[in-house]
Amino acid sequence: MRGSTMSSHPSSLRQSRISVKAALHSEREAPGLRLCGWVRTLRHGKETTFLELNDGSCLASLQVVVEAASPAAAEVAGIGTGACLEVTGDLVPSPAAGQRWELRATAIRLLGGADADYPLQKKRHSLEFLRSIAHLRPRSNTFGALFRVRNALAFAVHCFFQERGFLYVQTPIITANDCEGAGEMFRVTTLDPLAPPLHDGAVDWGQDFFGEKTGLTVSGQLQAELFATAFGDVYTFGPTFRAENSNTSRHVAEFWMIEPEMAFADLSDDCALAEEFLRYMVRHALEHCAEDLAFFNDRIEPGLIGKLEQLVRSEFRTLTYTEAVDLLRKSGESFSFPLGWGLDLQSEHERFLTEKIVGGPVFVTDYPAEIKAFYMRQNDDGRTVAAMDLLVPRVGEIIGGSQREERLDFLRRRMAELGIAPESLSWYLDIRRWGSCPHAGFGLGFERLLMYVTGMENIRDVIPFPRTPGNAKF
RNA sequence: UCCCCAGUAGCUCAGUCGGUAGAGCAGGUGGCUGUUAACCACCGGGUCCGUGGUUCGAGUCCGCGCUGGGGAGCCA
């Protein structure tokens, strides 16, 4: 730092400041504390002004008491909700109900004012409105709680895998595979959109930056498989992109996916890992995010904590696809979509399975080969593959995985049936050619996990700045 | 992309049979009060999403469009 104009520069603030969370957890009175944060609400009186200061360190705000006689009073005279303050004062037991500690201000400095147009008011706002002010919604109770839980679970993902010896691999964001069948890709190109080079009337992708047609990844799985055949157990955790024109509460164009891949593992190992993973995430949230989860339990999904505690204790059910279809048939429920062996389970079927028949998470395994991807291992019955979906109430499919086809001839035959050119995936086939091994993995949508853990019902409300068709604001 | 619903003050909403706009919160002023979604009184605040039509007259009825939400498909 240089220059006398920086005498009140932020670094000195930073060194002396303590968080609201630390203040609220204090064991004793503490004079001369300094805090910085944003005013959630304030109540002016003749003798006293009360304001609630929140700095995102926890859900609760700290009540700051400003006596009219104090020099701090002048500074808060004209401020409104949303203003940013530096507050110095003494932490003392609060004489009134509602909070254990409060800060009696001795000095206040306005760092950033907020006028009456500040959109976040001290009232309940709709999630739709908050979505339209995504740059400000982290300052609300719901989104404050949400992004603290998101942070805790992102960290827990790494803890879980690192504790078990999985290698974290960063698979590419830009990729040339477009035959995975996982969804439409966003195109990545440096060609002039108004005058692309042409060859035989079509765009000549050979002249593009990478010398071939490329896009943003729809899955890191194929590359994770390559690493699994060198390191055994690996995982990815990164952004994933789908250019589908999906308009639902469960889909976004950019999301974060967790994809473990295990060598020397079959489908039951895969299910076991998924179950252990989900239980670990939920236990981590219960242990580290108690205050925020209590908020979600009260305001977002009544019974949420009970549901999560139940999940930690119970074993997940597993049904084969064939059993699931039978159970749905025998349920007597009338569905609007047809049900039959060989047909894909519709959302209404999946929801009925997990919410009504099982009443909790359920694996559905061994789907007909025709409705699943080319890389899934073919079962001995000749008509099903070793696939699994994990379904949970309210969210639906949260995990999709499989044992991979490790037998070169089986994989080649399946690709030929589906018209996938072997040259385009020669490296993928090479893994089966030299030192192939049984392996399995799954993909888990991080945002869907957050929906399940917090009870939030729209995926756009569990990611900082959601990307959906027609919307890439912020 | 398809089906359904909605759009009125900064926010949440009401608005009857088609007759020209209302409340609470927020803001301003004053009062009162260890308050805590504070309270009381008064004041300011409107492109009724846009556009075209029906009508003497449209927030209200009809067409088209835009935006948002719910559901479906695709999936994580």
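Proteins get letters first, then strands, A, B, ... in listed order; numbering begins at 1 in each. Since the model is a prediction, treat every value here as computed from it, not as a measurement.
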For the residue pair A:Lys307 and A:Tyr452, would you count it as a cation-pi contact if the rule is NZ or CZ under 6.0 angstrom from the ring centre and within 45 degrees of the ring axis?
yes
Considering only atom C1', compute the distance from B:U8 to B:G24 and round it to an integer number of Å.
15 Å
Please compare A:Gly98 and A:Phe129 by the position of their nearest nucleotide in RNA chain B and report the one closer to 5'.
A:Phe129
Flag the pair A:Phe160 / A:Tyr235 as yes when their ring centroid distance falls below 6.0 Å, and as no otherwise.
no
To the nearest Å, give me how far apart CD (A:Gln346) and C1' (B:C2) are.
14 Å
Stacking between A:Phe446 and B:A76, defined as ring centres under 5.5 angstrom apart with planes under 30°, is that present or not?
no
Nearest whole angstrom, please: distance from the P of B:C74 to the CG of A:Leu343.
11 Å
Find out whether the Lys NZ or Arg CZ of A:Arg414 is both under 6.0 angstrom from the six-membered ring centre of A:Phe374 and within 45° of the ring's axis.
no
Just how far, in rounded Å, is P of B:C75 from CG of A:Asn245?
15 Å
With nearest nucleotides of RNA chain B determined for A:Arg460 and A:Leu444 from heavy-atom distances, which residue corresponds to the more 5′ nucleotide?
A:Arg460
With heavy atoms under 4.0 Å as the rule, sort A:Glu128 into base, sugar-phosphate or nothing.
sugar-phosphate
Base-pairing assignment for B:G27 (Watson-Crick or G-U wobble, both under 3.5 Å)
B:C43
A:Glu102 has an atom CD; how far is it from atom P of B:U35, in whole Å?
11 Å
Within 45° of the ring axis of A:Trp341 and under 6.0 Å from its six-membered ring centre, is that where the NZ or CZ of A:Arg329 lies?
no
May I have the distance from A:His349 (atom NE2) to B:G73 (atom P), rounded to whole angstrom?
9 Å
Taking the P atom of each, how far is B:G71 from B:A37, in whole Å?
33 Å
To the nearest Å, how far apart are A:Asp115 CG and B:G45 P?
18 Å
